[in-house]
Protein chains: 2
Amino acid sequence: MYTISDLAEQFGVTPRTIRYYEELGLLTPSRTEGGRRIYTASDVTRLKLVFRGKRFGFSLDEIKEMVLLFDEDRTGEKQLKVTIQYGEEKLAEVNERICELVEVREEIERLLTEFKGRLSE
Amino acid sequence: MYTISDLAEQFGVTPRTIRYYEELGLLTPSRTEGGRRIYTASDVTRLKLVFRGKRFGFSLDEIKEMVLLFDEDRTGEKQLKVTIQYGEEKLAEVNERICELVEVREEIERLLTEFKGRLSE
DNA sequence: TATACCATTCACGTTAACGTAAAGAGCAAG
DNA sequence: CTTGCTCTTTACGTTAACGTGAATGGTATA
C-alpha cells in the first residue's frame, strides 16, 4: 500500500500528475476513511504501463485505450476475437518500431566509427 | 525540388506544420524569386529524421539538438570528441529502447497465445 | 492535545505543437 | 491579362498535459 507521494517519488513525477491520470480514468485507487488515496501493487504495474507508453510517444488517450482493453474481462467469444485482432495489430506496430530502432542503431554506429576514424588521423 | 504542400502531402501533415518546424530552426529551405519556399532532397531526409524522432516521443527541441549536432561540420578534435560522446549516449538510449520493446513484444505474444487458447475451448 | 506536515478539492495559469482566419502577393492556364 | 489557385506573413485560437496557488481537512508525533 502506497500514498500518492510514494508513487510520485518512485516514478519521478509530482502527485498532481498521478491525480491527473486518475482524472482521465487511467487509475481508480481506493480511499481511506478520511478520503485519502491508497495505491496497491496493481496500481503500480498500471502506472508502469502508462509511463512506458509515454516513453514511446503515445498520448494519454491512446494509453487509456490500450490498458483498459487488456484489462477488461475477456469472456465472450466475440470480445475475445476483437481483442486478439487488436493485439495482433499492436504486435505488428511493435515489430515495426523495433526494426526502425535497429536501423537507427546501425546509423549511429556508422557515424561513430567514421568520427573515430577521423579522430585517429 | 518540392513545394511546401508537396512535402505536407508526402508526410501527411499540413503546410503549417512544416513552416512551424522552420520557425524552430529545424529546416532552412531556400526561396524562389517571389519568396516561396523550395525544398531539396536533403530537406526531405531532414524531415524524415524529425518525424522519426516524433514517433519515439522526443520533443521538437530535443530533435533539433540531435539533427543539428550530427549535421554540423565536425572539424576540430574537441568538437569531434564531444560528438562521439553524445553519439555513444544516444546509442545506449537506443539499445535500452530496443530491449524494452522486445519485452513488450514478448508480453503481447504471451497474451495472444493465452487468448487464443481460451478461444479454442 | 497541539503542532507540523501531509493530503484533498477547486480553479486558474502555462507551454508545446500546431490550427485557423485574414489580407495580400505569386503564378500557371486560358 | 485576368481568373483561380497556391503561397506568403501576421496574429490570435486551441488542446494536451500538467504547474501552481488557495483554502481546507486528515494524521503521526512530541
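Chain A is the first sequence line, chain B the second, and so forth, proteins listed ahead of strands; every chain is numbered from 1.
Between Gln85(A) and Glu89(A) the shortest side-chain heavy-atom distance falls below 4.5 Å.
Rounding to whole angstrom units, CG of residue Leu26(A) and C1' of dC18(D) are separated by 13 Å. In this structure, Leu47(B) places its CG atom 12 Å from P of dC18(C), rounding to the nearest Å. Residue Glu62(A) contributes atom CD, which lies 12 Å from atom P of dA16(D) at whole-angstrom precision. Computed from coordinates, the Ile38(B) CD1 to dC27(C) P distance equals 10 Å when rounded to whole Å. Taking atom CD1 of Ile4(B) as the reference point, atom P of dC18(C) lies 13 Å away to the nearest angstrom. Distance, Arg31(B) CZ to dA25(C) P: 16 Å, rounded to whole Å. Whole-Å rounding puts the Glu22(A) CD to dA17(D) C1' distance at 16 Å. Glu33(B) has its CD atom 15 Å from the C1' atom of dC7(D), to the nearest Å.
A donor-acceptor contact under 3.5 Å is formed by the side chain of Arg36(B) with the base of dT6(D).
For the pair Thr14(B) and dG19(C), the criterion of a side-chain N or O lying under 4.0 Å from OP1 or OP2 is met. OP1 or OP2 of dA7(C) has not a single side-chain nitrogen or oxygen of Thr32(A) nearer than 4.0 Å. Within the structure, every side-chain polar atom (N or O) of Arg37(B) is placed at least 4.0 Å from both OP1 and OP2 of dC7(D).
Checked against dA7(C), dT8(D), dG19(D), the side chain of Arg19(A) finds its nearest nucleotide in dA7(C). Of the listed nucleotides (dA17(D), dT27(D), dC7(D)), dC7(D) has the atom at the smallest distance from the side chain of Thr3(B). The side chain of Tyr20(B) sits closest to dC18(C) out of dT20(D), dC6(C), dC18(C).
Both Lys54(B) and Gly34(B) lie near DNA chain C, and the one whose nearest nucleotide falls closer to the 5' end is Lys54(B). The nearest heavy atom of DNA chain D to Ser5(B) and to Tyr21(A) marks one nucleotide each, and the one closer to the 5' end goes with Ser5(B).
Under a cutoff of 6.0 Å and an axis angle of 45°, Arg46(B) and Phe51(B) do not form a cation-pi pair.
At a threshold of 4.5 Å between side-chain heavy atoms, the hydrophobic network of Ile, Leu, Val, Met, Phe, Trp and Tyr places Leu111(A) and Val82(B) in two separate groups.
From Ile38(A), atom CD1 reaches atom CG of Leu7(A) across 11.5 Å, with rounding to the nearest 0.5 Å.
For Glu9(B), the CD atom is loosely surrounded, since the number of other residues' heavy atoms within 6.0 Å does not exceed 12.
Leu24(B) comes within 4.0 angstrom of nothing in the nucleic acid, heavy atoms only.
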